[in-house]
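Here, residue 1 is the first one in the sequence, and each next residue gets the next number.
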Amino acid sequence: MKYDYLIVGSGLYGAIFAHEAKAKGKLVLVVDKRPNIAGNVYTKKQEGINVHMYGAHIFHTNDKRVWNYITQFAEFNRFTNSPVANYKGELYSMPFNMYTFNKMWGVVTPEEAAAKIEEQKKEINGEPKNLEEQAISLVGRDIYEKLVKGYTEKQWGRDCKELPAFIIKRLPVRLTFDNNYFNALYQGIPIGGYTKMVENLLDGIEVRLNTDYLEHKAELDALADKVVYTGPIDAYFGFKLGTLEYRSVRFENETLDIPNFQGNAAVNYTDRETPWTRIIEHKWFEFGKDEDGNDLSKTIISREYSSEWKAGDEPYYPVNDEKNGQLYAKYKELADKEAGVIFGGRLGEYKYYDMDTTIASALDMCEKELS
């Protein structure tokens, strides 16, 4: 059988392109090397809890087109991301808001908080030379030391003085008691989990799992007129120009015979000594209830450990610094010459996409390619 499109990867980008191509009457085949669909948004039901198997995914967007599109495939709950920061047993609100400033300094009014931050920002004169100076110039020394430094160094595996300033363009400072981290117009978690949402996108489409495209490239390419590739762009070209860098994440999941471990979906551990960056308690994404609205007697937590990517690891976050940007530009030149292949998604475009920007990028490509 000859397909119009072979889509490599069943994550958000691939699933949306597959859905739209099928809607336009195209014959589509989706392949994925994993044993499951949905890419990094894959959720698996355990103990009645939809566990985010590749890290917490909290949908948020200000893009009405994206929201209207994705809510065709799932009903979203009203979950609002309000993480807590744990610094050596001291708990602080994230994002930095009046609760944070009251705990940090005992200030009560927005005016007092603003004055305290302004006073501490003066430590940095001129253009910040690294991430440490950039952070202090935005929020002052105290917040930097307790809530930014350790967490960032664990995330990147490097000292803040060695990281470029541009990584932190801004840090949200709210002189209100608003705990809504994303502050997005539309926010929530798909009821029933992300896997169910992606199943709905791929309804009626042929999917082959446990299929490594790059290992069977010639025979798979022969099946279709065009390829939509959402894997790592450097892997597609056999790493011939060099390897792009990523940060990876390792998860330690634990099922606990208690109803409540930390009382919140996400707690960030911001000191350098704690080896994990955060703990996710999955049941709170759906308010601690099962699909019938009953309280769940057990809980599942995931400790997240940030690491440098190496072959065999899952690539999560592109390291979008100057060196990698230059290497990606060379791969992009090769990609542009690759007839009949569309490169898309976080790995295919080597971009730090959130879910909403991945969806927007996929819809833009569908419009260009399928109209």
Hey, can you pull the donor-acceptor pairs under 3.5 Å for the side chains in residues 337-346, sequence neighbours left out?
residue : atom : partner : partner atom : Å
Glu338  : OE2  : Tyr236  : OH           : 2.8
Arg346  : NE   : Tyr353  : O            : 3.3
Arg346  : NH1  : Tyr316  : O            : 2.7
Arg346  : NH2  : Tyr353  : O            : 2.7

Identify every side-chain donor-acceptor pair in residues 70-79 under 3.5 Å, counting partners at least two apart or on other chains, and give the distances.
residue : atom : partner : partner atom : Å
Thr71   : OG1  : Trp67   : O            : 2.6
Thr71   : OG1  : Asn68   : O            : 3.4
Gln72   : NE2  : Tyr69   : O            : 2.9
Asn77   : OD1  : Phe79   : N            : 2.9
Asn77   : OD1  : Ile189  : N            : 3.0
Asn77   : ND2  : Phe285  : O            : 2.9

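Applying the salt bridge (Lys or Arg N to Asp or Glu O under 4.0 Å) test to Lys44 and every residue at least two apart in sequence or in another chain returns nothing. Taking the ring-ring contact (aromatic ring centres under 6.0 Å, His included) definition, one finds that Trp309 meets it with Tyr246, sequence neighbours left out. Partners of Asn102 by side chain to side chain donor-acceptor pair (under 3.5 Å), not counting sequence neighbours: none found. Residues forming a salt bridge (Lys or Arg N to Asp or Glu O under 4.0 Å) with Asp212 (at least two apart in sequence, or on another chain): none. Contacts of Asp321 classified as salt bridge (Lys or Arg N to Asp or Glu O under 4.0 Å), with partners at least two apart in sequence or in another chain: none. Take Glu254 and apply the side chain to side chain donor-acceptor pair (under 3.5 Å) test, not counting sequence neighbours, and it matches Arg303.
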Evaluate Ile167 against Thr152 for side chain to side chain contact (heavy atoms under 4.5 Å, CB included), listing each step before the verdict.
CA-CA 10 Å; Ile167 287 177; Thr152 305; 5.6 Å; no

CA sep, side-chain torsions, deciding dist, call: Thr357, Tyr352, side chain to side chain contact (heavy atoms under 4.5 Å, CB included):
CA-CA 9 Å; Thr357 40; Tyr352 184 89; over 6 Å; no

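Checked by atom type and distance alone, the side chain of Asp271 never pairs as donor or acceptor with a backbone atom of Tyr87 at under 3.5 Å. Asp313 places no side-chain N or O within donor-acceptor distance of the main-chain N or O of Ser248, the cut-off being under 3.5 Å. When atom types are taken as modelled, the side chain of Lys22 and the backbone of Gly204 share no donor-acceptor pair closer than 3.5 angstrom. Under a 3.5 Å cut-off, the side chain of His52 and the backbone N or O of His282 do not form any donor-acceptor pair. A donor-acceptor pair under 3.5 Å is absent between the side-chain atoms of Asn40 and the main chain of Gly11, judged by distance alone. When atom types are taken as modelled, the side chain of Lys26 and the backbone of Tyr3 share no donor-acceptor pair closer than 3.5 angstrom. Without hydrogens or angle criteria, Ser137 side chain to Lys121 main chain gives no donor-acceptor distance under 3.5 Å. When atom types are taken as modelled, the side chain of Asn50 and the backbone of Thr43 share no donor-acceptor pair closer than 3.5 angstrom. Formation of a donor-acceptor pair under 3.5 Å by the Ser361 side chain with backbone atoms of Ile359 is not found in this model. No donor-acceptor distance shorter than 3.5 angstrom exists from the side chain of Thr195 to the backbone of Tyr42, with no hydrogens or angles considered.
Within a 6.0 Å radius of NZ in Lys310, no more than 12 heavy atoms belonging to other residues, nucleotides or ligands are found. Atom NZ of Lys129 is surrounded by 12 or fewer heavy atoms from other residues, nucleotides or ligands within 6.0 Å. Surrounding OH of Tyr181 are at most 12 heavy atoms belonging to other residues, nucleotides or ligands under 6.0 Å away. Heavy atoms of other residues, nucleotides or ligands lying less than 6.0 angstrom from CD of Glu291 number 12 at most. Within a 6.0 Å radius of CD in Glu273, more than 12 heavy atoms belonging to other residues, nucleotides or ligands are found.
By the 4.0 Å N-to-carboxylate-O rule, Asp336 lies close enough to Lys332 to be salt-bridged with it. Looking at Lys196 and Glu199, no side-chain N of the basic residue comes within less than 4.0 Å of a carboxylate O on the acidic one, giving no salt bridge. By the 4.0 Å N-to-carboxylate-O rule, Lys149 lies close enough to Glu153 to be salt-bridged with it. Between Arg250 and Glu304 no salt bridge is recorded (no basic side-chain N to carboxylate O distance below 4.0 Å). Salt bridge status for Arg208 with Asp32: absent, with no side-chain N to carboxylate O gap under 4.0 Å.
In plain terms, the two heavy atoms of Ser306 and Thr277 that are nearest each other are CB-CG2, 4.1 Å. Looking at every heavy atom in both residues, Leu175 comes nearest to Ala114 through CD1-CB, 4.0 Å. When all heavy atoms are compared, the tightest approach of Ala235 to Tyr229 is CB-OH, 4.1 Å. The two residues Val30 and Ser10 come nearest to each other via the heavy atoms CG1-CB, 3.9 Å. Taking every heavy atom of both residues into account, Trp156 and Arg158 meet most closely at O-NH1, 2.6 Å. Between Asn264 and Ser82, the shortest heavy-atom contact is ND2-O, 2.9 Å.
No side-chain heavy atom of Lys298 sits under 4.5 Å from any side-chain heavy atom of Ile49. The shortest distance between side-chain heavy atoms of Ile168 and Tyr144 does not fall below 4.5 Å. Residues Leu327 and Asp234 form no side-chain contact, since every pair of their non-hydrogen atoms from C-beta on lies 4.5 Å or further apart. Between Asn260 and Trp284 the shortest side-chain heavy-atom distance falls below 4.5 Å.
If you take CZ on Phe96 and CE on Met104, they are separated by 7.5 Å, rounding to the nearest 0.5 Å. The distance from atom CG of Leu27 to atom CG of Asp225, rounded to the nearest 0.5 Å, is 10.0 Å. Separation of atoms CG (Asp356) and CG (Leu12) is listed at 10.0 Å; rounding is to 0.5 Å. Taken to the nearest 0.5 Å, the CD atom of Gln120 stands 11.0 Å off from the CD atom of Glu118. Asn86 contributes atom CG, which lies 7.0 Å from atom OG1 of Thr274 (distance to the nearest 0.5 angstrom). A distance of 4.5 Å separates CD in Glu123 from CD1 in Ile136, rounded to the nearest 0.5 Å.
The side-chain hydrogen bond (donor to acceptor under 3.5 Å, both in side chains) test with Gln187 singles out one residue from Asn81, Asn180, Thr61, and that residue is Asn180.
Listed by chain and number, the hydrophobic cluster partners of Val84 are Leu91, Leu256, Ile258, Phe261, Val267, Tyr269, Trp276, Ile279, Ile301, Tyr305, where partners are ILVMFWY side chains within reach of under 4.5 Å, directly or through others. Through direct or indirect side-chain contacts shorter than 4.5 Å among Ile, Leu, Val, Met, Phe, Trp and Tyr, Val108 is connected to no other residue. Applying the under-4.5 Å side-chain rule to Ile, Leu, Val, Met, Phe, Trp and Tyr, the cluster around Tyr151 consists of that residue alone.
The aromatic rings of Tyr194 and His57 stand perpendicular to each other, their planes meeting at an angle above 60°, with 30° marking the opposite boundary.
Residue pairs that meet the ring-ring contact (aromatic ring centres under 6.0 Å, His included) test with at least one member in residues 105-141, sequence neighbours left out, are Phe101-Trp105.
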